[in-house]
Visitor: 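This is the structure I want to talk about, given as structure tokens.
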Number of protein chains: 2
Amino acid sequence: MADISTRKVNPLFLREEELRQGIELLFYAYRDFTAVADQMLEQYNFGRAHHRVIYFVSRNPGITVSDLLSILKITKQSLSRVLGQLVREGFIDQRTGLQDRRQRLLTLTEKGEALERELTEKQRALIAAAYREAGAEAVEGFRKVMLGMLGEEDRQRFGDDGPTGFRQRAG
Amino acid sequence: MADISTRKVNPLFLREEELRQGIELLFYAYRDFTAVADQMLEQYNFGRAHHRVIYFVSRNPGITVSDLLSILKITKQSLSRVLGQLVREGFIDQRTGLQDRRQRLLTLTEKGEALERELTEKQRALIAAAYREAGAEAVEGFRKVMLGMLGEEDRQRFGDDGPTGFRQRAG
DNA sequence: TCCGTTAAGTCAGTTTTATTGACATAATAA
DNA sequence: TTATTATGTCAATAAAACTGACTTAACGGA
């Protein structure tokens, strides 16, 4: 399985170069990818953190605060600042959980949905253009490689238990 | 070329889902990808910015400050803090340009090279594992899609004028 | 019912990483 | 000579995270 790295024939220069290109592709793509939404966020006086919260609440309606934290991997205090703003300004609703009333289930308001669409629009367009140019086969390869870089935990979210495996719907 | 978006047949649900998965793959992969180096950076009291500077100087020995700025897309003042530290602590050398003596050409010292290898090692391993799992064909697809997301400017760096198109070597 | 644990939130202080704006120096190039 | 460029610096500020300590309310098992 991993014998390649132990071959006598040596892990050639091209392989090293290939890997470095991979590193850089990831850097550049992510940089540009976030940049297209940043412009729009400024108009609302929001930052990337707000975008991520809006995005993942959109993807997982009814998600709990702790599940959101485990996606974002930031502290409760960091989330609090951002989430508090979004709730106060009417982009996100909090409902008390029915089974467990300690939980605050998060959903986007209509206003929040509208902002989410606006924010993700350019990112979708960027990816859509890249997918279209590259073709279906390349897209399959892209997904394979990207999935391979994720930990088991994250990889499961791309399985068959819903978009990210955190969705709750119920409330 | 772009007629797809204007089709009457409507841009189906699956397409939307596919794009959203792309967005998330990029988010998770980048998050994990940076995390593996962050651990090590802490030991040196450095942050991601230091890593990026070390990385791109390593890739482009003799790069000028302004070219480095145009890769990183941060302000001169932000770079200054990080670069100054790296120079003072002996990871990066500055030489005055020969043709243009206003320029400061940046190269890694041996100490800097060592740190670079150490830092990038885990990232390379992560990508290598993903490449190996996914197979050569998938890797080609990955590269196609990622390149498609870059602006023309960045895309050229992956052409045939050296690794990133900024390398200078001379000094 | 009592009690330890969990989910969520808050207060206070700090750190990292970036920003804008203004300005300085030296070298290049028209 | 003079405008421009490459680099660097001072000062103030902002964004987004952090640590640590603590509170409130609800759950759940003994």
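Labels below follow one simple rule: chain letters A, B, ... track the order of the sequence lines, proteins then strands, and each chain is numbered from 1.
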Visitor: Check the phosphate of dA16(D) against Arg81(A), side-chain N and O only, distance under 4.0 Å to OP1 or OP2. Yes or no?
Guide: yes
Visitor: Rounded to whole Å, how long is the line connecting atom CD of Gln94(B) with atom C1' of dT9(D)?
Guide: 14 Å
Visitor: Work out which heavy atom in Val145(A) is nearest to a heavy atom in Ala134(B); give both atom names and the distance.
Guide: CG2-CB, 3.7 Å
Visitor: Do Phe56(A) and Ile23(B) sit in the same hydrophobic cluster, where Ile, Leu, Val, Met, Phe, Trp and Tyr count as joined when their side-chain heavy atoms come under 4.5 Å apart?
Guide: yes
Visitor: Would you check if the side chain of Arg155(B) reaches a backbone N or O of Leu147(B) as a donor-acceptor pair within less than 3.5 Å?
Guide: yes
Visitor: How many whole angstroms separate atom NE2 of His51(A) from atom C1' of dA15(D)?
Guide: 17 Å
Visitor: Please determine, for the side chain of Ala49(A), which listed nucleotide (dG20(D), dA16(D), dT7(D)) has the closest atom?
Guide: dA16(D)
Visitor: Find the distance Leu105(B):CG to dG8(D):C1' and express it as a whole number of Å.
Guide: 16 Å
Visitor: Considering heavy-atom distances to DNA chain D, does Val82(A) or Arg101(A) have its closest nucleotide positioned more toward the 5' end?
Guide: Val82(A)
Visitor: For the pair made of CZ in Arg104(A) and P in dA25(D), what is the distance, rounded to whole Å?
Guide: 10 Å
Visitor: Distance check: side-chain N/O of Ser78(A) vs OP1/OP2 of dC18(D), anything under 4.0 Å?
Guide: yes
Visitor: Could one point to a donor on the side chain of Arg102(B) or the base of dT5(D) with an acceptor on the other under 3.5 Å away?
Guide: yes
Visitor: Do Phe33(B) and Tyr28(B) make the cut of ring centroids closer than 6.0 angstrom?
Guide: no
Visitor: In this structure, how many angstroms lie between the P atom of dA14(D) and the CD atom of Gln85(A), rounded?
Guide: 14 Å
Visitor: How about CD on Glu137(A), more than 12 heavy atoms from neighbouring residues, nucleotides or ligands closer than 6.0 Å, or not?
Guide: no
Visitor: Considering only heavy atoms of chain A and a distance under 4.0 Å, specify the first and last nucleotide of DNA chain C in 5' to 3' order that meet this criterion.
Guide: dT6(C) to dC11(C)
Visitor: I want to check one thing: is the phosphate of dT5(D), taken as OP1 and OP2, less than 4.0 Å away from some side-chain N or O of Ser66(B)?
Guide: no
Visitor: Return no unless some side-chain N or O of Thr75(A) is found under 4.0 Å from OP1 or OP2 of dC18(D).
Guide: yes
Visitor: Would Arg124(B) and Glu18(A) count as a salt bridge (charged side-chain N to carboxylate O under 4.0 Å, His left out) here? Give the steps.
Guide: CA-CA 10 Å; Arg124(B) 275 201 311 266; Glu18(A) 202 181 11; over 6 Å; no
Visitor: So, taking the atom named CG in Asp93(B) and the one named CZ in Arg104(B), what distance separates them when rounded to the nearest 0.5 Å?
Guide: 13.0 Å
Visitor: Rounded to the Å, how far apart are Arg48(B) CZ and dC18(D) P?
Guide: 11 Å
Visitor: Lys76(B) has an atom NZ; how far is it from atom C1' of dT9(D), in whole Å?
Guide: 9 Å
Visitor: Roughly how many Å is it from CG in Leu72(A) to P in dA17(D), rounded to a whole number?
Guide: 9 Å
